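Heavy-atom basis, side chains included; hydrogens, waters and symmetry copies ignored. Letters go in sequence order (proteins before strands), and every chain restarts at 1. Keep in mind that this is a model prediction, so the values were computed, not measured.
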2 protein chains.
Amino acid sequence: MAEKRTDKVTITEVALLAGVSTATAGRVLGGYGYASEEIKKRVKASAERLGYRPNLLARGLITGKTRTIGVVAGDIQSPFYSSILRGIADVARAEGFGVLLTNSDELLARELEAVQLLLEKQVDGLIVAPCDTERSDHLRRALKGGCPIVQFDRMVKGLGADAVTVDNRKASREAISSLIDAGHRRIAILAELERWDSGDISSFIARVTARSIEPTTLFPSWQRLFGYVEAHLSAGIDLDRALIGRVGAYSLEAARLQALHLLRLPDRPTGLFTADGLMTAGAVDAITSLGVQIPDQLSMIGFDDLDWMSFLKPQITAVVQPVTAMGQTAARLMLERIAGSDSPPRHVTLELALTRRGSVSKPA
Amino acid sequence: MAEKRTDKVTITEVALLAGVSTATAGRVLGGYGYASEEIKKRVKASAERLGYRPNLLARGLITGKTRTIGVVAGDIQSPFYSSILRGIADVARAEGFGVLLTNSDELLARELEAVQLLLEKQVDGLIVAPCDTERSDHLRRALKGGCPIVQFDRMVKGLGADAVTVDNRKASREAISSLIDAGHRRIAILAELERWDSGDISSFIARVTARSIEPTTLFPSWQRLFGYVEAHLSAGIDLDRALIGRVGAYSLEAARLQALHLLRLPDRPTGLFTADGLMTAGAVDAITSLGVQIPDQLSMIGFDDLDWMSFLKPQITAVVQPVTAMGQTAARLMLERIAGSDSPPRHVTLELALTRRGSVSKPA
DNA sequence: TTGTACGCGTTATCAA
DNA sequence: TTGATAACGCGTACAA
């Protein structure tokens with residue numbers, strides 16, 4: 001007879017019913033320490049009868065472990081972050097861990113607030129896509145305070161924490177090179193390039209040319225621009241600043257407008273490289289509305305893979321990021337840290353794959 | 001570096017430094033009770049100096065409130081769930097609540113496990129898309145146990161809990177009617193129709209016809225089929241079972257194959273209604289590969305709105321679900337419950353909008 | 001206005 | 001193998 005007395009049944013009541021001490025009941029139910037078979041049976045039966053469920057808060061208070069991972073994503077609504085989160089959640093679930101989620105919207109203030117909340121909730125570790133690769137004292141503090149951190153997608157300069165990234169620079173360089181190899185000389189790039197305080201695009205290019213810049217802690221889109229520049233340099237092709245479409249806001253509309261601008265240049269580019277999925281979407285929108293034919297009038301390669309790129313016209317050759325694998329890897333690194341690993345910070349770089357779908361041909 | 005300066009600074013140490021009791025320190029830092037300005041200053045200064053952060057576990061253990069909401073989504077990787085989660089997270093963050101996320105993959109066993117974990121972690125409430133509208137005793141138990149529940153997308157039969165849904169049946173009926181009004185008589189539907197144990201499609205149709213079925217606790221795709229049938233009935237058009245494309249698995253490939261099948265029927269349909277975003281994607285894939293022209297050779301309306309439907313050819317007229325609003329609403333209902341509202345269960349039905357994009361015309 | 005003392009539900013430390 | 005008892009960090013009576 002299922003009664004409605006499902007109130008709070010604690011280990012005390014289980015122990016009482018089983019006729020043992022709370023310590024013994026705890027040992028049986030928590031799976032630590034010894035207990036005779038006889039007593040194990042009694043305690044388990046009592047727990048079952050009362051519908052006992054452990055209070056993980058109390059356990060966490062004493063063990064100092066909550067078996068919860070805090071995640072700071074940029075925007076969980078985006079395919080990129082939601083796939084990463086899926087990877088994290090899968091690994092966490094398999095190990096009996098919970099996942100506490102927050103969005104930063106790539107705003108430092110919000111990330112700070114999020115980290116604060118997660119730490120106060122005593123998460124065992126933080127998986128985070130840092131907003132700012134320099135001003136991240138809150139992450140340093142967390143780390144010093146004993147909270148392991150795994151970064152993904154980008155890395156904070158000098159933060160001694162694990163990280164999972166991809167080689168954006170190399171993939172970009174190879175993508176551009178393949179366009180150059182196909183005969184293209186005027187290749188445009190469309191990228192969201194907001195966060196870099198050390199000067200404008202020209203100075204960035206100058207520093208890439210002078211090899212005086214460390215790409216590891218750049219934001220992905222800057223790394224992709226890095227590869228774009230490198231590919232031109234090594235092919236001996238002059239860079240045309242007009243072909244670098246810098247999108248200020250991370251919005252589809254902004255990307256679309258910038259793409260329109262590029263495609264209406266007097267000396268129109270014959271190739272286009274988009275630095276992420278949103279840029280690709282904006283570009284394709286513009287391309288479709290202008291009636292530009294892919295690949296006859298324009299060759300194209302995009303970073304990130306979205307489902308429609310494979311089944312709609314024009315199909316877009318894309319650099320595919322192993323997104324769920326990134327999440328899984330991040331979670332695994334985190335679990336190892338939580339388990340006590342004190343190895344030096346590890347940096348896992350996952351492989352990128354170019355999926356060719358026929359959006360590249362020789363220039364007209 | 002690599003020091004063990006992991007001293008958790010507790011309220012005791014703050015009180016010590018400030019020269020007051022822990023109770024006073026708690027009153028100041030927790031913002032409850034009285035304290036003189038003089039002491040407030042001292043305590044706050046001490047807390048600041050030591051870098052004190054409250055341990056929310058301990059607080060939760062006492063107050064019985066964790067300020068955390070548990071969410072059981074189907075698959076966070078899908079645009080639908082990730083948008084809902086975004087809405088939930090936004091409202092939660094604004095109120096200082098955390099969000100614990102789990103995926104059920106629409107599997108009852110996994111949902112059970114997830115609810116279990118969330119309850120043990122003492123979440124203040126559960127926002128869930130129930131896998132099974134009948135066998136949900138775990139939800140009933142949670143509710144009885146005092147844990148508020150807000151359902152979204154679907155509703156468990158007889159569960160006295162708040163819910164946020166949309167009127168799938170009506171929107172579907174109107175969409176089909178608009179196709180009928182345009183002159184179509186052979187309208188196919190493509191839907192994932194797995195979860196309904198009360199018989200096969202024919203018996204479902206029979207029961208709809210006989211008005212002997214309650215649509216509220218049907219799964220959305222069945223509600224959409226419901227509207228499809230109703231629209232035919234009220235227009236006096238005979239149903240052709242061959243036009244009901246039942247997709248077994250929730251996969252793009254399965255949808256594509258079923259769409260190909262429908263489009264290759266000897267007496268090909270002139271209209272197509274897809275019951276969700278994935279079905280639309282599969283259908284468009286098939287349509288593109290067959291070279292079928294939209295809307296000249298086929299008129300089409302789809303449930304759910306994905307970005308590519310608006311900027312790629314063919315553009316698809318779509319029933320747009322207010323996804324983030326659903327999440328926000330669910331979170332608000334939850335917060336009201338947590339705040340103590342004990343009103344009878346509320347069922348919020350959000351409005352659906354038909355966004356016309358020219359994929360509907362008269363039949364050839 | 002402030003301090004004392006107890007309790008939240010569990011695990012850890014002993015001694016028995 | 002078991003059981004008192006003390007933590008864990010904080011909120012909340014109640015007394016001062």
Round to a whole Å and report the spacing from [atom1] of [X] to [atom2] of [N].
X	N	atom1	atom2	value
Lys65(B)	dG11(D)	NZ	C1'	15 Å
Leu16(A)	dA4(D)	CG	P	12 Å
Glu37(A)	dT2(D)	CD	C1'	15 Å
Leu61(A)	dG7(C)	CG	C1'	12 Å
Leu57(A)	dA7(D)	CG	P	22 Å
Tyr34(B)	dG3(C)	OH	C1'	16 Å
Glu38(B)	dT2(C)	CD	P	9 Å
Leu50(A)	dG9(C)	CG	P	14 Å

_As an exercise, state the distance from OG1 of Thr68(A) to CG of Leu117(B), rounded to the nearest 0.5 Å._
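Answer rounded to 0.5 Å: 7.5 Å.
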
*Does Arg346(B) CZ have over 12 foreign heavy atoms under 6.0 Å away?*
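More than 12 heavy atoms, drawn from other residues, nucleotides or ligands, come within 6.0 Å of this atom.
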
*How about Tyr34(A): does its OH atom have over 12 heavy atoms from other parts shown lying under 6.0 Å from it?*
no

Short side-chain N/O contact to [N] OP1/OP2 from [X], under 4.0 Å:
X	N	answer
Ser36(A)	dT2(D)	yes
Thr24(B)	dG3(C)	yes
Ser21(B)	dG3(C)	yes

Strictly under 3.5 Å: I want the nitrogen or oxygen pairs between protein and nucleotides 11-15 of chain C, one per line.
from	atom 1	to	atom 2	distance (Å)
dT11(C)	OP1	Arg59(A)	NE	2.7
dT11(C)	OP1	Arg59(A)	NH2	2.9
dT11(C)	OP2	Tyr32(A)	OH	3.1
dT11(C)	O5'	Tyr32(A)	OH	3.4

*If the plane angle is over 60° it's perpendicular, under 30° parallel, otherwise tilted; pick one for Tyr81(B) and Phe152(B).*
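It falls in the perpendicular class, over 60°.
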
*With heavy atoms under 4.0 Å as the rule, sort Ile39(B) into base, sugar-phosphate or nothing.*
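Sugar-phosphate only.
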
*Compare every heavy atom of Ile338(A) with every heavy atom of Gly125(A), then report the nearest pair and how far apart it is.*
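Scanning both residues completely, I find the closest heavy atoms to be N-CD1, 4.4 Å.
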
_Given Val150(B), Val71(B), Val91(B), the one that forms side chain to side chain contact (heavy atoms under 4.5 Å, CB included) with Met334(B)_ =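 When side chain to side chain contact (heavy atoms under 4.5 Å, CB included) is applied between Met334(B) and each of Val150(B), Val71(B), Val91(B), only Val150(B) qualifies.
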
_Quick check: do Asp90(B) and Arg86(B) have side-chain heavy atoms less than 4.5 Å from each other?_
yes

_5′-ward residue of the pair Thr12(A)/Gly19(B) relative to DNA chain C_ = Gly19(B)

